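All values derive from a computational prediction rather than experimental measurement. The chains referred to below are lettered A, B, ... by the order of the sequence lines, with proteins before strands, and numbering in each begins at 1.
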2 protein chains.
Amino acid sequence: MPLTPLRRVNLAHDISAQLSQAIVAGDFPAGAVLSEPMLAKRLGVSRAPVREALIELETRGMVEFDERGRSRVPSLTHDDLVDILGIRIALEPRAASLAARRADPLAFVDLEHNLDAMRAAQTPTELARLDTAFHSAIVRASGSRRLHLCWNVVEHQVDLWLAQMQSRVDALCHQLRDTTVAAHAAMFETIRSGDTLRAEELARKHLTDWLDVLPGAPVV
Amino acid sequence: MPLTPLRRVNLAHDISAQLSQAIVAGDFPAGAVLSEPMLAKRLGVSRAPVREALIELETRGMVEFDERGRSRVPSLTHDDLVDILGIRIALEPRAASLAARRADPLAFVDLEHNLDAMRAAQTPTELARLDTAFHSAIVRASGSRRLHLCWNVVEHQVDLWLAQMQSRVDALCHQLRDTTVAAHAAMFETIRSGDTLRAEELARKHLTDWLDVLPGAPVV
DNA sequence: CACCGCGGTATTGTCGACAGTCGACCGCAG
DNA sequence: CTGCGGTCGACTGTCGACAATACCGCGGTG
């Protein structure tokens, strides 16, 4: 073993991750107030790390601060989803292009594992999680820390929207499963081949295709 | 007057703004450690709001946390600048397009004032500040809160880079002043006319032009 | 019955304090 | 002189406490 410890703990970071997960899991419905004492009590910690976690989540759009400083779970509308996808259409082609140029073997492993997992996935929830994870992996593969910071803003927004629109999700996911896997596989191959332009175009098309599935006004 | 004096104070927010300004002003050189007790002492507050401000600045890329939790001013290389501009090329055309569609009169006032101020500006520092402010105003004019969150990641990065590369800045700014004003004016007119496609294209071109001025490898 | 004032309650923003940890420095042995 | 251990100081992460404030329900009043 390389014997490589280790990371001084940071409760705020763990809390942030756990809260984020709880929110997309639907534990806190849209509009719910996340009071600091309540969270601190449930988590068995003091308010300080909870506050820090909430601040981080605010920059990721997972919670909103109202005029009184209380944090709430934002309630997403259809327009919000369109807005989110519009941003992803701006960011992800760039990420795919950079990833193709960078060609990091470790990132390729991640992407390949994700593809395998998605082919084996059963539940729509699992599929949605893996879909988001695949796109996250591409952003990480880009190697740009700042692009990743931007990506954080939209990373879990679609999951949050899915949690709040639980009705239609399952049918949609099932319907799209095979096309999604195919699109991801194509993106992976293209990125691995180093074709930056085509990677960019595939990423854009993958997202606009998804957008077309939704009813409502066009994005661009 | 709508008579709306409110907003319970939030030291963290003020500290964040002040620190951000101090960093781009060069008060803290690249790599400098921003220790919480030091900042708290200088600002006359306790460490709590300082910590929160630092967390916010971290998500904006204005400070970085090292493995021991200390916050440092990141030192930007040429590659970083290219990375930043690549992200802006992804984000800003989208913002311009949305702004053109939204056509918010209040935002137009902001943009126009900025143009006037830039035409009257004298010092390169002032020019750089107004340039960033103009692009910020377009992002705000897009009406997308999430796009603004993404924009926060890159908003002051160019200013920071300028602060760290102080040598060449002045010449560059002076050289580019008139073209910048002209480009901004064209963008403003296009956005006001509601031509989303052209607004998008102008925003992209304005940034890629700037990129071309710099030496080094291409972005795409 | 409708309306207003008022106290209780809950929550935020801020503060000071403490433990754990890490680097810097110094003295000492080899 | 060099390498080592011990000590000191500084900093971070976390905690509990306090003041200020806004909300909620209740009782009093016109």
For this session: Using whole Å, report how far CG of B/Leu39 lies from P of D/dT12.
Result: 9 Å

Problem set entry | Atom-to-atom span, CG of A/Leu54 to P of C/dT12 - whole angstrom | 8 Å

Exercise. Any salt bridge between B/Arg145 and A/Glu64, counting N to O under 4.0 Å?
Worked result: yes

For this session: Say whether, by atom type as modelled, one donor and one acceptor occur between the side chain of A/Glu58 and the main chain of A/Ser71 under 3.5 angstrom.
Result: no

For this session: Quickly work out the B/His13 NE2 to C/dT14 C1' distance and round it to whole Å.
Result: 17 Å

Problem set entry | B/Ser136 and B/Glu155 side chains, donor-acceptor separation under 3.5 Å | yes

Polar pairs (N or O, both sides) under 3.5 Å between protein and nucleotides 15-17 of chain C?
from: C/dC15; atom 1: OP2; to: B/Ser46; atom 2: N; distance (Å): 2.8
from: C/dC15; atom 1: OP2; to: B/Ser46; atom 2: OG; distance (Å): 3.0

Exercise. Does the side chain of B/Asn10 get closer than 4.0 angstrom to OP1 or OP2 of C/dT14 through an N or O atom?
Worked result: yes

For this session: Grab the CD-P distance between B/Glu67 and C/dC22 for me, whole Å please.
Result: 10 Å

Exercise. Is a side-chain donor-acceptor pair under 3.5 Å present for A/His184 with A/Asp131?
Worked result: yes

For this session: Return the value, rounded to whole Å, for the distance between atom CD of A/Glu36 and atom P of C/dT9.
Result: 21 Å

For this session: Check whether any side-chain nitrogen or oxygen of A/Arg51 sits under 4.0 Å from OP1 or OP2 of C/dG13, and answer yes or no.
Result: yes

Exercise. Sub-3.5 Å donor-acceptor pair from the side chain of B/Asp80 to the main-chain atoms of B/Thr77, do we have one?
Worked result: yes

Seminar exercise, completed: Atom CZ of A/Arg70 and atom P of D/dT21 are separated, to the nearest Å, by 16 Å

Exercise. Counting only heavy atoms not in A/Gln18, do more than 12 sit closer than 6.0 Å to its CD atom?
Worked result: no

Problem set entry | Rounded distance (Å) that lies between atom P of D/dT21 and atom CG of A/Asp66 | 17 Å

Seminar exercise, completed: In whole angstroms, the gap separating P of C/dT11 from CZ of A/Phe65 amounts to 15 Å

